[in-house]
Structure formats: C-alpha cells, structure tokens
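Atom set for the values below is all heavy atoms of this structure, side chains included, hydrogens, waters and symmetry mates excluded. Labels below follow one simple rule: chain letters A, B, ... track the order of the sequence lines, proteins then strands, and each chain is numbered from 1. The model shown is predicted, which means the values in this text are computed figures rather than measured ones.
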Number of protein chains: 2
Amino acid sequence: MQQQSSTQSAEPRTEAARRILEASKILFAERGYDGVSIRDIAEKARVSKANVFHHFGNKANLYEANLHDTAEKLITKLEVLRDTRHSVRDRIARFALLDLQEQLGDPHCVYLFLRQLITPQRTAQRRTAEQVVSDSLKNLLHLLEQLKADGELPTETDPLALTLAIIGANFMFFQLQGILAELGQDGNPVEPEAFIRSLMHLITPAVDNGHDAQRHLTR
Amino acid sequence: MQQQSSTQSAEPRTEAARRILEASKILFAERGYDGVSIRDIAEKARVSKANVFHHFGNKANLYEANLHDTAEKLITKLEVLRDTRHSVRDRIARFALLDLQEQLGDPHCVYLFLRQLITPQRTAQRRTAEQVVSDSLKNLLHLLEQLKADGELPTETDPLALTLAIIGANFMFFQLQGILAELGQDGNPVEPEAFIRSLMHLITPAVDNGHDAQRHLTR
DNA sequence: ACTCCGACTGATCGACCGGTCAGGATGTGG
DNA sequence: CCACATCCTGACCGGTCGATCAGTCGGAGT
C-alpha cells in the first residue's frame with residue numbers, strides 16, 4: 001500500500017492520481033462528502049475504484065487532500081495584499097476584486113470551503129477552513145482600520161461592519177449570479193469590475209472627482 | 001399507506017409525525033440530505049424506521065416537507081416590511097435587524113436553505129429556495145431605490161451593491177460568529193442590534209445629527 | 001359484535017456503500 | 001535471468017442504505 005500521508009499532502013504521483021483529485025474536488029463541492037461515492041469519483045476520473053484507495057488510502061483522506069489543496073491556494077492569494085506599493089484604498093479595492101474574481105473563477109473551491117464551514121462538528125479540517133477565512137477577514141479589517149486612521153473614513157464608520165459588508169457582498173454577488181442576471185436587465189452592474197467599483201463607492205464615495213481625501217460621505 | 005402529498009405539505013397529523021419533522025429538520029440542516037439516514041431520524045424522533053415512511057412516503061418527500069415549512073416561515077417574514085407606517089429608513093433597519101435575528105434564532109432554517117442554494121442541480125426545490133431569496137432581495141432593493149429617490153442616498157451610490165452588502169453582511173455576521181467572538185475583545189459590536197446600527201451608518205452616515213424618523217435604532 | 005381504518009412496528013429485501021485482497025502489468029536495479 | 005517495488009484492476013466482503021410488507025393495536029362507526 002502506497003497511500004499519501006494524512007497530515008501533509010504532496011503532489012499527485014501519477015496522472016491518474018491527479019485526475020482522481022480533480023474529479024473528487026468537483027464532485028465533493030457539488031454534492032458534499034456523503035453525496036459522493038468512490039464509484040462516482042473513480043468513474044469520473046476514469047480509473048478503477050481500487051486505485052482511488054491505492055493513492056489516497058480512504059475517502060476521508062481524499063477529502064482532506066482536497067481541502068488542503070484549496071487552503072494553500074487561498075492562503076497564497078493573501079500574499080498579494082501585503083505589498084505597500086499601492087495606497088491603502090487601492091489595496092482594498094484590489095483585494096475585493098481579486099477575492100471576487102477567484103470565487104467566480106473557481107466556484108468549487110468556494111463550495112468545498114463553505115460546506116466545511118457549515119458543518120457543526122468542530123473537526124481539525126473545519127478549524128483550518130475557519131483559519132483561512134479568519135486570516136482573510138483580519139487582513140481586510142486591518143486595511144480598513146488603517147484607512148480610517150488616515151482620515152479617509154468617517155469617524156462613525158465601524159471597520160468591522162464594513163469588512164463584513166465587503167466580504168458578504170462579494171459572496172452574495174458570487175452566489176446570487178443567477179438571480180442577479182434576471183433582474184439586472186436595466187443596466188445594473190453584472191460585471192465584477194463594475195460591482196467592485198460600486199462597492200468601493202459605498203466606502204469612500206469621493207473617488208470620481210480625483211482623490212479628495214477630506215470629502216466624506218455628505219448627505 | 002397514508003403519506004402526505006408531495007406538492008403541498010399539511011400540518012403533521014400526529015405527535016410522532018411532528019417529532020419526525022423536527023428531528024429531520026435539525027439533522028438535514030447539520031449534515032445535509034445524504035449525511036442523514038432514516039435510521040438517524042427515526043432514532044432522534046423516537047419512532048420506528050417504518051413509521052417515517054408511513055407518514056412521509058420516502059426520504060425526498062420528508063426533505064421537501066422541511067423545505068416547504070421553512071419557505072413558508074421566511075415568506076411570512078417579508079410581510080412585515082410592507083407596512084408604510086414607518087419611514088423608509090426605519091423599514092430598512094427593521095428588515096435588516098429582523099433578518100439577522102431570525103438567522104441567529106433559527107440557524108437550522110438558514111443551513112437548510114443554504115444547502116439547497118449551493119446545489120448545482122436546478123430542481124424544483126432549488127427554484128423555490130431561489131424564489132424566496134430573490135423576493136427578499138427585491139424587497140430590500142426596492143426600499144433602497146425609494147430611499148435614493150427621496151434624496152437620502154448619494155447619487156453615486158448603487159442600490160444593488162448596497163443591497164448585496166446588507167444581506168451579505170448579515171449572513172457573514174451570522175456565519176462568522178465564532179471567529180468574530182475571538183477578535184471582538186476590544187469592544188467591537190458582537191450584539192445584533194449594535195451591528196445593525198453600525199451597518200446603517202454605512203448607508204446614511206448622517207444619522208447622528210437628528211433626523212426626525214430615525215430614532216428607533218439609535219439607542 | 002363486527003368491520004373498517006389509520007398509526008405503528010419488526011423483519012426483511014435488493015442495492016449500494018467503503019474497503020480489502022490477490023494478482024497482472026510494467027519498469028528498474030543487480 | 002531474478003527480485004523487488006509501484007501502478008492498477010476485477011472480484012469480493014460485511015455492513016448500511018432506502019424501501020417494502022405482513023401484521024398488531026386501538027378507536028370510531030354501524
């Protein structure tokens with residue numbers, strides 16, 4: 001038996017192993033852990049059922065390997081936000097756009113993580129999922145606090161509420177695409193860039209008239 | 001055989017049927033459709049396994065009955081928003097607070113609906129779930145457009161983005177309670193009322209200087 | 001007393017589940 | 001040539017799944 005370790009996932013050893021990982025990722029994201037059988041995965045990956053066990057030991061291990069992969073991917077995303085070449089405002093906008101684009105570009109990762117977050121059992125896997133979300137949240141919160149310290153936010157604005165609003169708006173835009181498309185016939189922003197622009201207006205509406213930092217939310 | 005109809009769910013006929021419905025609601029919300037067996041439900045409801053089939057026909061029917069129940073519950077919630085006795089601003093604040101409180105008060109309904117929304121299969125059940133969310137969204141969107149027409153929102157504010165921000169922020173507050181509690185030691189708003197107040201500040205920050213009809217949520 | 005009906009249960013079914021095992025195919029080092 | 005390791009498969013196992021069925025029980029109607 002040559003199964004992968006459970007604590008750390010390495011690269012897939014063969015093409016078949018890679019196909020198994022990819023197929024299981026999609027299926028787990030769509031139907032959840034219990035909704036997918038090893039048969040389904042093997043069939044989608046065009047391998048024998050026993051081969052799945054050969055590479056990943058058991059079902060839980062395969063699921064964990066998927067979570068580990070997506071977690072790594074999402075963590076590396078956060079590194080982009082740390083460069084100080086751009087203004088705080090720009091970094092917030094870039095983070096929001098990057099976050100939204102990545103959700104739209106790889107929905108399976110989102111659903112894989114979301115399914116883990118809504119599980120009441122506090123397993124180690126759920127902890128890691130929470131950790132990723134928590135890091136992302138803290139990062140954005142820190143940027144917003146910085147923005148407020150710079151005087152670019154009204155004093156009565158609560159950075160935490162604003163953080164949750166941005167992250168939540170992104171998720172809702174991602175999740176409700178189908179619904180939005182139906183009622184967006186009158187020219188509402190359905191493109192991510194336009195949506196992020198609208199979202200940034202909510203934070204500091206003085207973005208059109210050329211960076212006027214002291215012009216706050218009037219009226 | 002005396003199973004309920006599939007298209008419309010009536011009240012549970014016996015105490016046992018009521019217990020089955022309640023037990024299955026919790027289990028389905030926590031573990032999802034495939035994660036729960038009839039055995040689990042029967043055991044939690046303290047009835048025989050065959051009795052579950054007697055009352056609900058099959059597993060899918062039982063699940064559908066749960067969805068129908070929660071959908072009805074959420075739809076009736078929206079009725080509150082239609083009374084014109086309060087100002088538009090108040091109705092938005094009341095809607096947001098009511099929405100958040102209901103999520104916090106009955107998490108199982110939220111998870112039951114969420115699990116349905118993240119299913120890629122476009123079943124009739126998913127349609128109804130989408131319909132409920134869509135109605136709720138349209139309602140809030142309409143109120144915000146009204147608010148903007150009244151001149152209480154900046155002209156560059158996009159009502160749709162604001163709608164998604166409010167709904168999304170509520171959901172994030174609900175979902176990330178555990179994470180928020182950890183980093184909320186420095187006096188951040190962890191109570192729903194305070195959070196909604198902060199959220200309303202984001203919409204119309206001119207709430208402090210004493211408008212006439214906004215006294216309800218400002219302590 | 002007799003019938004009928006809905007509530008309810010234990011036993012049981014075939015299907016499918018996750019997982020195992022013996023062994024074939026292929027390559028690699030001695 | 002042999003020995004060995006890895007990749008991979010078909011056949012198989014015990015257990016659990018959703019669902020069925022025969023039948024018991026108790027109350028209402030006649």
d(CD, B/E15; P, C/dC8) in whole Å: 10 Å
Main-chain N/O of A/N61 paired to A/N58 side chain as donor or acceptor, under 3.5 Å: yes
OP1 or OP2 of C/dC16 under 4.0 Å from side-chain N/O of A/S37: no
Minimum-distance nucleotide (side-chain atoms of B/H55 versus C/dC8, D/dG18, C/dG18): C/dC8
Partner set under ring-ring contact (aromatic ring centres under 6.0 Å, His included) for B/F95, not counting sequence neighbours: none
N/O (side chain, B/R39) to phosphate O (OP1/OP2, D/dG18) under 4.0 Å: no
Ionic contact status for B/D106 with B/K73, cut-off 4.0 Å: yes
Separation of atom CZ in B/F53 from atom P in D/dC17, rounded to whole Å: 11 Å
Sorted by number, the residues of residues 25-36 of chain A with heavy-atom contact under 4.0 Å to DNA chain D: none
Stepwise side chain to side chain donor-acceptor pair (under 3.5 Å) check, A/Q103 with A/Y111: CA-CA 9 Å; A/Q103 286 188 45; A/Y111 288 134; over 6 Å; no
B/D34/B/R115 salt bridge by N-O under 4.0 Å criterion: no
Atom-to-atom span, CD1 of A/I20 to P of C/dG18 - whole angstrom: 14 Å
Close aromatic pair by centroid cut-off 6.0 Å: B/F195 and B/F174: no
A/H54 side chain near D/dC7 phosphate (N/O to OP1/OP2, under 4.0 Å): yes
For DNA chain D, the residues among residues 41-51 of chain B that have a non-hydrogen atom under 4.0 Å from it: B/K49, B/A50
Phosphate contact (D/dT6 OP1 or OP2) by A/T14 side-chain N/O below 4.0 Å: no
Spacing of B/F56 atom CZ relative to C/dA7 atom C1', expressed in whole Å: 13 Å
Over 12 non-hydrogen atoms of neighbours within 6.0 angstrom of CD in B/E43: no
Protein-nucleotide distance (B/I38, atom CD1; C/dT12, atom C1'), rounded to Å: 17 Å
B/T157 side chain vs B/L153 backbone, donor-acceptor pair below 3.5 Å: no
Non-hydrogen atoms of B/L112 and B/T70 that approach each other most closely: CD2-CG2, 3.9 Å
